[in-house]
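These notes are about the structure you will find just below.
Excluded from the calculations below are hydrogen atoms, water molecules and symmetry mates; all remaining heavy atoms, backbone and side chain alike, are included.
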Amino acid sequence: MTTAPAYFDQMLEVFAADEARLNTLDAAIGDGDHGTTMRRGLTAAANAQVGSKAKAFMRASGGASGTLFGLLLLEIEGFLSSSEQKLDVRLGRALERIQDLGQAEPGDKSMVDALAPAVEVLRQKGGLEAALAAAEKGRDATVPMKARRGRARYVEHAGEGHVDPGATSVCLILAGLDGEGS
């Protein structure tokens with residue numbers, strides 16, 4: 001099983017390599033800094049020597065998306081650090097907290113559109129590969145949606161015709177769990 005420190009190191013590599021693409025996706029429907037925000041938070045998380053790496057992510061990334069992604073990473077960190085709870089329970093708790101704090105539901109064109117179907121598959125005892133496929137399908141379904149939450153709702157056509165960068169990041173985060181138990 002991957003350790004939490006190794007996972008955060010891996011995520012930093014993934015997001016550093018994808019920073020420009022995520023910024024481009026975000027520029028179409030937001031302020032164009034999603035990739036930079038994720039890389040900044042993951043740099044702090046990977047470099048944190050004491051305490052929670054996910055909390056270091058939250059402090060460094062800032063903003064609403066930093067908090068929401070921090071909630072997801074906090075549960076993943078807990079899963080990787082403990083054998084007491086299953087991944088479906090941890091991601092389900094993250095989803096509930098993200099939906100509560102972000103006031104987002106599936107169909108709002110947000111990270112929830114990728115996370116919710118992944119959690120559902122895991123709750124139905126599907127494996128991580130099936131959960132990732134569901135997340136990717138949810139991400140792709142954001143293209144024709146009009147945003148009802150976040151900055152995207154204020155851009156022309158509410159981001160219709162563009163993939164949600166937050167949903168894209170959820171897929172990257174879940175893909176990093178490849179091989180982990182559910």
For this session: Would you check, one step at a time, whether the test side chain to side chain contact (heavy atoms under 4.5 Å, CB included) holds for Phe79 with Lys86?
Result: CA-CA 7 Å; Phe79 168 73; Lys86 300 283 187 187; 5.6 Å; no
Exercise. Where do Thr3 and Leu80 come nearest, in terms of heavy atoms and distance?
Worked result: O-CD1, 4.2 Å
For this session: Verify the cluster assignment for Leu172 and Ile76: are they in a single hydrophobic cluster under the rule of side-chain heavy atoms below 4.5 Å apart?
Result: yes
Exercise. Do Asn47 side-chain atoms and Ala44 backbone N/O form a donor-acceptor pair below 3.5 Å?
Worked result: no
Exercise. Which atom names give the shortest non-hydrogen contact between Glu77 and Ala4, and what distance separates them?
Worked result: CG-CB, 4.0 Å
Identify each donor-acceptor pair in which a side-chain atom of residues 129-145 lies under 3.5 Å from a protein atom, sequence neighbours left out, and give them as a table.
from, atom 1, to, atom 2, distance (Å)
Thr142, OG1, Arg139, O, 2.6
Thr142, OG1, Asp164, N, 3.0

Exercise. Hey, is the main chain of Phe15 close enough, under 3.5 Å, to the side chain of Asp18 for a donor-acceptor pair?
Worked result: no
Problem set entry | Inter-residue atom distance Arg90.CZ - Ser81.OG, 0.5 Å rounding | 8.0 Å
Exercise. Does any non-hydrogen side-chain atom of Pro106 lie less than 4.5 Å from one of Gln99?
Worked result: yes
Exercise. Should Val155 and Leu22 be counted in the same cluster of Ile, Leu, Val, Met, Phe, Trp and Tyr side chains packed under 4.5 Å apart?
Worked result: no
Problem set entry | Side chain Arg39, main chain Leu12, donor-acceptor under 3.5 Å | no
For this session: Could you tell me whether Arg40 atom CZ has more than 12 heavy atoms of other residues or ligands within 6.0 Å of it?
Result: yes
For this session: For side chain to side chain contact (heavy atoms under 4.5 Å, CB included), just list the numbers for Met38 and Ser61, CA-CA rounded to whole Å, side-chain angles, deciding distance to a tenth of an Å, and then say yes or no.
Result: CA-CA 7 Å; Met38 294 298 290; Ser61 59; over 6 Å; no
Exercise. In Å, rounded to the nearest 0.5 Å, how long is the span from CZ of Arg149 to CG of Leu68?
Worked result: 11.5 Å
Exercise. Under 3.5 Å, side chain of Lys109 to main-chain N/O of His162, donor-acceptor pair present?
Worked result: yes
Problem set entry | Asp88 with Lys125: basic N within carboxylate O range, under 4.0 Å | yes
For this session: Can you see which heavy atom on Phe8 is nearest to which on Ala45, and at what distance?
Result: CD2-CB, 3.6 Å
Exercise. Does one side chain, of Ser65 or His34, offer a donor that lies under 3.5 Å from an acceptor on the other?
Worked result: no
Problem set entry | Distance in Å, Phe69 CZ paired with Met58 CE, rounded so as to fall on 0.5 Å steps | 12.0 Å
Problem set entry | Sole candidate of Asp33, Asn23, Ile29, Thr37 that passes side-chain contact (heavy atoms from CB on, under 4.5 Å) when paired with Pro165 | Ile29
For this session: Find the distance between CG (Leu72) and CD1 (Ile173) and round it off to the nearest 0.5 Å.
Result: 5.0 Å
Using distance only, find each side-chain donor-acceptor pair of residues 114-122 under 3.5 Å and give its atom names and separation, not counting sequence neighbours.
from, atom 1, to, atom 2, distance (Å)
Glu120, OE2, Gln124, NE2, 2.7

Seminar exercise, completed: Taken to the nearest 0.5 Å, the spacing of Arg21 CZ from Glu19 CD works out to 12.5 Å
For this session: State the NZ-CG distance between Lys53 and Leu74, to the nearest 0.5 angstrom.
Result: 13.5 Å
For this session: Determine yes or no for a side-chain-to-main-chain donor-acceptor pair under 3.5 angstrom, with Glu75 supplying the side chain and Leu91 the backbone.
Result: no
Exercise. Do Leu73 and Val89 belong to the same hydrophobic cluster, where Ile, Leu, Val, Met, Phe, Trp and Tyr are linked whenever their side-chain heavy atoms lie under 4.5 Å apart, directly or via other members?
Worked result: no
Problem set entry | Heavy-atom closest pair, residues Ala46 and Asp9 | CB-OD1, 3.4 Å
